Asker: 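Below is one structure. I have some questions about it.
Quick caveat: nothing in here was measured; it's all calculated off a predicted structure. Order of the sequence lines sets the chain letters (A, B, ...), proteins ahead of strands, with each chain counted from 1.
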There are 2 protein chains.
Amino acid sequence: MAIERYLTIGEVARRSGVAPSGLRYYETLGLISSERTTGNQRRYERTTLRRVAFIRTASRVGLTLEEIGDALATLPEGRTPTADDWTGLSRSWRPLLDARIAAIERLRDDLDSCIGCGCLSLERCVLQNPGDRAATLGPGARYLEGDSPSDAARAAGQDAT
Amino acid sequence: MAIERYLTIGEVARRSGVAPSGLRYYETLGLISSERTTGNQRRYERTTLRRVAFIRTASRVGLTLEEIGDALATLPEGRTPTADDWTGLSRSWRPLLDARIAAIERLRDDLDSCIGCGCLSLERCVLQNPGDRAATLGPGARYLEGDSPSDAARAAGQDAT
DNA sequence: GTGTAAGTTAAACCTCGCTTGAGGTCAAGA
DNA sequence: TCTTGACCTCAAGCGAGGTTTAACTTACAC
């Protein structure tokens with residue numbers, strides 16, 4: 001049937017919106033793979049575009065590339081993933097997205113209630129005790145997940161006028 | 001008036017959940033400030049706790065420390081911020097939070113619709129466009145985030161080179 | 001008055017998610 | 001054939017958001 005047209009790194013870059021350097025980086029992490037021409041240039045299968053789309057999508061939601069790699073590792077080796085393969089994988093992110101939405105909504109509502117009281121105090125303000133640390137949005141904020149629970153408990157219990 | 005009890009960096013760290021190193025870092029960025037003892041040790045006003053709470057909260061939502069600094073700069077210099085000061089500041093984050101929630105919801109819903117077909121093309125299903133017509137529509141799924149200028153620039157650069 | 005926990009600085013180091021640069025090769029059109 | 005642009009590798013750099021380390025000094029309880 002149709003010729004299996006391989007894509008150059010530049011083509012994948014243009015179509016996926018990820019720079020060539022980014023694609024090479026993904027490859028070093030094992031997130032994508034490529035064939036090589038006799039001249040050592042990368043050639044990508046078309047399914048790579050879907051794979052990259054998935055990586056970008058998950059990345060935007062705040063997942064680390066390592067987590068994404070773990071998820072991608074569940075796709076079958078040695079054959080082109082079917083729609084069902086992708087469906088299962090997509091579905092697996094759903095609860096995570098829901099959790100993230102819920103967390104940020106809670107944050108907004110809490111902030112809303114703080115507008116009512118003007119407090120932002122550590123004693124009363126729910127903001128100081130986010131129920132869902134995993135709901136952090138950026139790489140930066142995630143560093144704080146290492147905070148010990150005792151820290152949070154102590155902070156919550158202290159007066160902070 | 002009650003004695004104005006100043007707090008050591010350790011106390012602020014314990015109560016806020018931010019490590020001393022983090023507090024010093026915030027200070028270098030101008031997000032918080034401190035008095036010094038004759039022995040050069042930092043002493044914080046109690047309002048610093050609120051300030052730090054605000055910084056952490058905003059940071060969790062994905063704002064950069066620079067953006068947070070800009071917001072904090074609107075607080076009055078030279079006097080303890082009142083509840084009203086804080087209220088105004090909190091209110092100013094509301095649209096931002098709403099926007100973030102909307103973005104993630106959209107991501108989730110798009111992903112959801114893809115579960116139906118398993119494509120993950122998000123904009124135009126590749127499975128339904130065997131000729132990869134989606135490729136002609138420009139860089140991939142990035143539109144979901146609202147196409148930041150840097151993304152657009154990078155994509156454009158790719159096309160140009 | 002002394003031991004030690006807590007504080008100080010500057011600078012180096014860390015993770016993440018890439019980009020940039022140097023130095024060189026490959027592929028395709030005029 | 002020549003030229004040009006796209007590609008290669010490897011190493012270093014960036015920016016955000018901090019932490020760690022080294023080499024001290026201070027504060028305070030006993």
Side-chain angles (χ1 to χ4, degrees), chain A residues 6-32 34-44 52 55-70 133 136-148 151, chain B residues 5-32 34-44 52 55-70 142 145 148 150-151 153-161:
Chain A
Y6 285 88
L7 303 168
T8 66
I9 196 168
E11 287 167 334
V12 174
R14 275 188 296 278
R15 292 183 179 188
S16 68
V18 175
S21 58
L23 294 173
R24 292 191 196 99
Y25 179 62
Y26 287 168
E27 190 171 320
T28 68
L29 298 183
L31 297 183
I32 57 176
S34 57
E35 313 273 312
R36 296 297 180 116
T37 65
T38 53
N40 198 37
Q41 295 197 355
R42 287 171 179 81
R43 287 299 181 269
Y44 295 94
V52 173
I55 294 164
R56 295 300 307 134
T57 300
S59 181
R60 258 195 309 275
V61 180
L63 295 160
T64 67
L65 294 181
E66 194 179 350
E67 290 170 320
I68 296 166
D70 291 346
R133 283 167 183 278
T136 53
L137 280 182
R142 244 197 313 270
Y143 290 149
L144 286 145
E145 283 169 30
D147 285 352
S148 74
D151 276 349
Chain B
R5 244 275 273 138
Y6 286 89
L7 304 167
T8 67
I9 196 169
E11 286 167 334
V12 174
R14 274 188 299 278
R15 292 183 178 188
S16 68
V18 175
S21 59
L23 294 173
R24 292 193 193 98
Y25 179 61
Y26 287 168
E27 190 170 321
T28 68
L29 298 183
L31 298 181
I32 57 176
S34 57
E35 313 274 311
R36 296 298 180 117
T37 64
T38 54
N40 198 36
Q41 296 197 356
R42 287 172 180 81
R43 288 299 180 270
Y44 295 94
V52 173
I55 294 165
R56 293 305 308 129
T57 300
S59 182
R60 259 195 307 273
V61 180
L63 295 159
T64 67
L65 294 180
E66 196 180 347
E67 290 170 319
I68 296 165
D70 291 346
R142 323 208 104 219
E145 223 175 9
S148 78
S150 59
D151 282 347
R154 205 186 319 140
Q158 285 307 309
D159 278 327
T161 47

Asker: Check every strand shown and say whether Arg24(A) touches a base, only sugar-phosphate, or nothing at a heavy-atom separation below 4.0 Å.
Answerer: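 Base: the residue Arg24(A), judged by heavy atoms under 4.0 Å, touches a nucleobase.
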
Asker: What closest approach, in Å, do Ser59(B) and Ile68(B) show between heavy atoms, and which atom pair accounts for it?
Answerer: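 Looking at all heavy atoms of both residues, the closest pair is N-CD1, 3.6 Å.
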
Asker: Thr64(B) near the nucleic acid: base, sugar-phosphate alone, or nothing, with a heavy-atom cut-off under 4.0 Å?
Answerer: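 The residue Thr64(B) makes sugar-phosphate contact but no base contact.
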
Asker: When all nucleic acid strands are considered with a 4.0 Å heavy-atom cut-off, which category describes Arg43(A): base, sugar-phosphate, or nothing?
Answerer: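 The answer is nothing, as Arg43(A) stays clear of every strand by at least 4.0 Å.
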
Asker: Base, sugar-phosphate, or nothing: which does Ile9(A) touch, judged by heavy atoms less than 4.0 Å apart?
Answerer: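 Ile9(A): backbone/sugar contact only, no base atoms under 4.0 Å.
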
Asker: Could you check if a side-chain atom of Tyr6(B) sits within less than 4.5 angstrom of a side-chain atom of Gln41(B), using non-hydrogen atoms only?
Answerer: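 Not touching, per the 4.5 Å side-chain cut-off.
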
Asker: Taking the nucleotide of DNA chain C with the closest heavy atom to each, which residue, Gly39(A) or Leu23(A), is nearer the 5' end?
Answerer: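 Closer to the 5' end of DNA chain C: Leu23(A).
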
Asker: Tell me, yes or no, whether the heavy-atom count around Glu66(B) atom CD, taken from other residues, nucleotides or ligands under 6.0 Å, exceeds 12.
Answerer: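 No, CD of Glu66(B) has 12 or fewer neighbouring heavy atoms, counting only those of other groups under 6.0 Å.
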
Asker: Could you pick out which residue, Glu66(B) or Ser21(B), lies toward the 5' side of DNA chain D when each is mapped onto its nearest nucleotide?
Answerer: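 Residue closer to the 5' terminus by nearest nucleotide: Glu66(B).
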
Asker: For Glu35(A) and dC8(D), what is the distance between atoms CD and P respectively, to the nearest whole Å?
Answerer: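 Atom-to-atom, Glu35(A) to dC8(D), this comes out as 14 Å.
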
Asker: Of the listed nucleotides (dG17(C), dT9(C), dA27(D)), which one gets closest to any side-chain atom of Thr38(B)?
Answerer: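 Minimum distance to the Thr38(B) side chain belongs to dA27(D).
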
Asker: Thr37(B) has a side chain; which of dA27(D), dC8(D), dT19(D) sits nearest to it?
Answerer: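 Looking only at heavy atoms from C-beta outward on Thr37(B), the closest nucleotide is dA27(D).
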
Asker: Just compare dG18(D), dA27(C), dT26(D) and give me whichever is closest to any side-chain atom of Gln41(B).
Answerer: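 Per side-chain heavy atoms of Gln41(B), the pick is dT26(D).
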
Asker: Quick one: which of Leu31(B), Val18(B), Ile55(B) gives a side-chain contact (heavy atoms from CB on, under 4.5 Å) with Leu23(B)?
Answerer: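 Exactly one option meets the side-chain contact (heavy atoms from CB on, under 4.5 Å) with Leu23(B), and it is Val18(B).
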
Asker: Specify the residue among Asn40(A) and Arg36(B) whose closest nucleotide of DNA chain C lies further upstream toward the 5′ end.
Answerer: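 This one resolves to Arg36(B).
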
